[in-house]
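Since the structure comes first, as structure tokens, the remarks are kept for the end.
Predicted model only: the values in this text are computed from it and were never measured. Hydrogens, waters and symmetry mates play no part in the numbers below; they use all other heavy atoms, side chains included.
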Amino acid sequence: MKDSTVLLTPGRLCGTVDAPPSKSAAHRGLLCAALAALTSPQEGPSTLAPLALSADIAATLGAVRALGVREEWRGDACTLRPGEPPRGRVEIDCGESGSTLRFLIPIAAALGAPAVFTGRGRLPQRPIGLYGELLPQHGVACGGPGGLPFSVSGRLAPGEFALPGNVSSQFVTGLLLALPLLEGDSRIVLTTPLESAAYVEMTVQAMAAFGVAVHPVKDGWLVPGGQRYRPCRWQVEGDWSQAAFFLAAGALGGDVAVRGLRPDSLQGDKAAAGLLAQGGALLSWEEGALRCRAGAWRGVAIDASQIPDLVPILAAAFALAEGETVICRAERLRLKESDRLAAMAQGLNALGARVRETADGLAIAGVPALRGGLAEGANDHRVVMALSIAALRAQGECRITGGDSIRKSYPDFFDHYHQLGGNVHGSIIRMGE
């Protein structure tokens, strides 16, 4: 295996870049389209565009193929239609995608498809035991509830599904996608307040586009059974969480415009724009693109409970702000592709920042510039991309390990970094091809 340590030297990013298609929207659209192919095969195919084939999206496509759905590509448009139904137990390799795993487990159970789920990296250690406790109460036998491999057999029965809202909204999304397929009505009851609520709103929006309705009620949702997903053409919007990396580069002394973002998006990570502006960056919508330029850059207080994916890039950007930044309510980041709180603190400090871990977040004392050095990327795509943006404001060269981890979500990241004027060196360039 090639060394994927990436070398970056100080610089300034300027220009315009297209936001990649939203990974969160794409996961949801693909699964709704697949369920339309399986439940309404006579009504034609669904087409999703634009679609970027990151490792996580490839995992979801592999999962729907295993369930009997066929895909066809024309450029960046993907059409899903019925394929050969599976015979016997289905094997679903989720790669390192937590969304694929947590969305597909209840879907397979609702379809009555015996399945075994596998994965790699940190995915086998990420929490799924909630399903091991919940699904057997509704007629599904589960194996390996402590991690992967995880198996399900039997058909999911309707009823009441009680679960905490502060573990991962992906469990809620998985149930919302699956429960309309059951014969009777169901109810999802949250036992604690929901975190990352915007992701659930995106799920409900996608389901509605494919003809499936759920009804919000106190502490959860009522999900009518006996529904069928209907095919449609699904336009995948731009990804706010990925755009945040280049918007932050603008805040750190550059001048970057990002095209393809929806101002009215339900993506919770749209909050990046407001937080960068609060820190003093200058943001404006110009000809359909969001432009970010440097202003009087200062620290802020950040409650990350609804925006966990933004924490790496916010930590990197505000490590270079005047004054102190405190990020709190981010403890779930310890259970991601890496312990992201530890990885960001260690990575930034290795480059000359002043970051301290807290129980639920990070305390950051801003510095005017980093010195450079070697930082561990923790094989985590968001950590690597965040450290690469911070490297723009270093006094010397920065080396970041694990550059190939960007394949997981944003294979073109370093290509775009380079096109905007970033100084990035090594075999990592053009790796998205």
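No side-chain heavy atom of Phe117 sits under 4.5 Å from any side-chain heavy atom of Val90. Looking at Val200 and Leu194, their side chains come closer than 4.5 Å, going by heavy atoms from C-beta outward. The closest side-chain heavy-atom distance from Pro308 to Ser196 is below 4.5 Å. Side-chain contact between Pro231 and Pro45 is absent, with no heavy atoms from C-beta onward closer than 4.5 Å. A 4.5 Å side-chain heavy-atom check between Val17 and Val258 finds at least one atom pair inside the cut-off. Using a 4.5 Å heavy-atom cutoff, the side chains of Val116 and Leu148 are not in contact. Under the 4.5 Å side-chain criterion, counting only non-hydrogen atoms from C-beta, Met385 is in contact with Ser409.
Expressed to the nearest 0.5 Å, how far CG of Leu276 lies from CG of Leu247 amounts to 6.5 Å. Distance CG/Leu420 to CG/Leu392: 10.0 Å, rounded to 0.5 Å. Here the CG-NZ distance, from Asp380 to Lys408, works out to 8.0 Å after rounding to the nearest 0.5 Å. Distance CD/Glu71 to OG1/Thr47: 12.0 Å, rounded to 0.5 Å. For the atom pair OG of Ser338 and CZ of Arg334, the computed distance is 10.5 Å after rounding to the nearest 0.5 Å. For the atom pair CD1 (Ile188) and CG (Leu176), the distance works out to 4.0 Å, reported to the nearest 0.5 Å.
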> Where do Leu31 and Val64 land on the side chain to side chain contact (heavy atoms under 4.5 Å, CB included) test, with the steps shown first?
Replying inline: CA-CA 7 Å; Leu31 292 175; Val64 301; 3.7 Å; yes

>> Applying side chain to side chain contact (heavy atoms under 4.5 Å, CB included) to Val384 and Phe414, what does each step give before you reach the verdict?
In response: CA-CA 10 Å; Val384 168; Phe414 283 117; 4.0 Å; yes

> Hey, mind stepping through Leu190 and Val172 against side chain to side chain contact (heavy atoms under 4.5 Å, CB included) and telling me if it holds?
Replying inline: CA-CA 9 Å; Leu190 297 177; Val172 177; 4.0 Å; yes

>> The test is ring-ring contact (aromatic ring centres under 6.0 Å, His included); show your working for Tyr410 and Tyr417 and say whether it passes.
In response: CA-CA 12 Å; Tyr410 195 170; Tyr417 188 101; over 10 Å; no

>> Determine whether Phe318 and Ile302 satisfy the following criterion, side chain to side chain contact (heavy atoms under 4.5 Å, CB included), listing intermediate values before the conclusion.
In response: CA-CA 11 Å; Phe318 284 103; Ile302 300 171; 4.2 Å; yes

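Crowding of Glu183 atom CD: a count of heavy atoms from other residues, nucleotides or ligands under 6.0 Å not exceeding 12. Other residues, nucleotides and ligands place more than 12 heavy atoms under 6.0 Å from the CZ atom of Arg332.
Sequence neighbours left out, the pairs with a member in residues 207-226 that pass ring pair (Phe, Tyr, Trp, His ring centres under 6.0 Å) are Phe210-Trp234. Evaluation of the side-chain hydrogen bond (donor to acceptor under 3.5 Å, both in side chains) test over residues 254-263, restricted to residues two or more places apart or in two chains, returns Asp18-Arg259, Asp255-Arg291, Arg262-Asp264. A side-chain hydrogen bond (donor to acceptor under 3.5 Å, both in side chains) check over residues 154-166, counting only residues at least two apart or in different chains, returns the pairs Asn166-Thr192. Pairs passing the side-chain hydrogen bond (donor to acceptor under 3.5 Å, both in side chains) check and including a residue from residues 87-103, sequence neighbours excluded, read Thr60-Thr100, Asp93-Arg120, Ser97-Thr100, Ser99-Gln170, Arg102-Ser168, Arg102-Gln170. Under the salt bridge (charged side-chain N to carboxylate O under 4.0 Å, His left out) criterion, no residue pair touches residues 204-227, with sequence neighbours excluded.
Looking at every heavy atom in both residues, Leu283 comes nearest to Cys292 through CG-SG, 4.0 Å. Of all the heavy atoms in Ala317 and Leu252, the pair that sits closest is O-CD2, 3.6 Å. Pairing each heavy atom of Ala197 with each of Gln306, the nearest pair is N-OE1, 2.8 Å. Looking at every heavy atom in both residues, Val167 comes nearest to Pro164 through CG2-CG, 3.6 Å. Summarising the geometry of Leu387 relative to Ala375, their closest heavy-atom pair is CD1-CB, 4.0 Å, with the distance given to 0.1 Å. Across all non-hydrogen atoms, the minimal contact from Phe245 to Ala386 is CE2-N, 3.5 Å.
Classification of Arg340 and Asp309 as a salt-bridged pair holds, one side-chain N sitting under 4.0 Å from a carboxylate O. Checked for salt-bridge contact, Glu337 and Arg382 miss the test: no charged N lies under 4.0 Å from a carboxylate O.
Judged by distance alone, the side chains of Ser405 and His381 never bring a donor and an acceptor atom under 3.5 Å apart. Side-chain contact check for Ser265 and Glu237: at least one donor-acceptor pair (N or O, by modelled atom type) lies under 3.5 Å. For the 3.5 Å distance criterion, the side chains of Asp239 and Ser241 qualify, holding a donor opposite an acceptor.
By the salt bridge (Lys or Arg N to Asp or Glu O under 4.0 Å) test, Arg70 pairs with Glu72, sequence neighbours left out. For Glu331, there are no salt bridge (Lys or Arg N to Asp or Glu O under 4.0 Å) partners at least two apart in sequence or on another chain. In this view, Arg393 satisfies the salt bridge (Lys or Arg N to Asp or Glu O under 4.0 Å) rule with no residue, not counting sequence neighbours. Thr173 pairs by the side chain to side chain donor-acceptor pair (under 3.5 Å) definition with Thr203, not counting sequence neighbours. In terms of the salt bridge (Lys or Arg N to Asp or Glu O under 4.0 Å) criterion, residue partners of Asp303 (sequence neighbours excluded) are, by chain and number, Arg329. The side-chain contact (heavy atoms from CB on, under 4.5 Å) search around Glu376 returns Thr401, not counting sequence neighbours. For Pro180, the side-chain contact (heavy atoms from CB on, under 4.5 Å) partners are Met207, Val212, Val223, Gln227, Tyr229, not counting sequence neighbours.
In this structure, the side chain of Ser186 engages the main chain of Gly159 through a donor-acceptor pair within 3.5 Å. In this structure a side-chain-to-backbone donor-acceptor pair under 3.5 Å is missing from Arg233 to Ser46. Distance alone, capped at 3.5 Å, is enough to place a donor-acceptor pair between the Asp339 side chain and the Ala342 backbone. The backbone N or O of Ser4 lies less than 3.5 Å from no partner atom in the side chain of Asp404, so there is not a single donor-acceptor pair. Of the possible polar contacts, none joining the Glu43 side chain to the Cys232 backbone as a donor-acceptor pair under 3.5 Å is found. With hydrogens and angles ignored, the 3.5 Å screen pairs a side-chain donor or acceptor of Gln267 with a backbone N or O of Trp240. Checked by atom type and distance alone, the side chain of Lys270 pairs as donor or acceptor with a backbone atom of Pro263 at under 3.5 Å.
For Phe246 and Phe413, the ring centers are positioned less than 6.0 Å apart.
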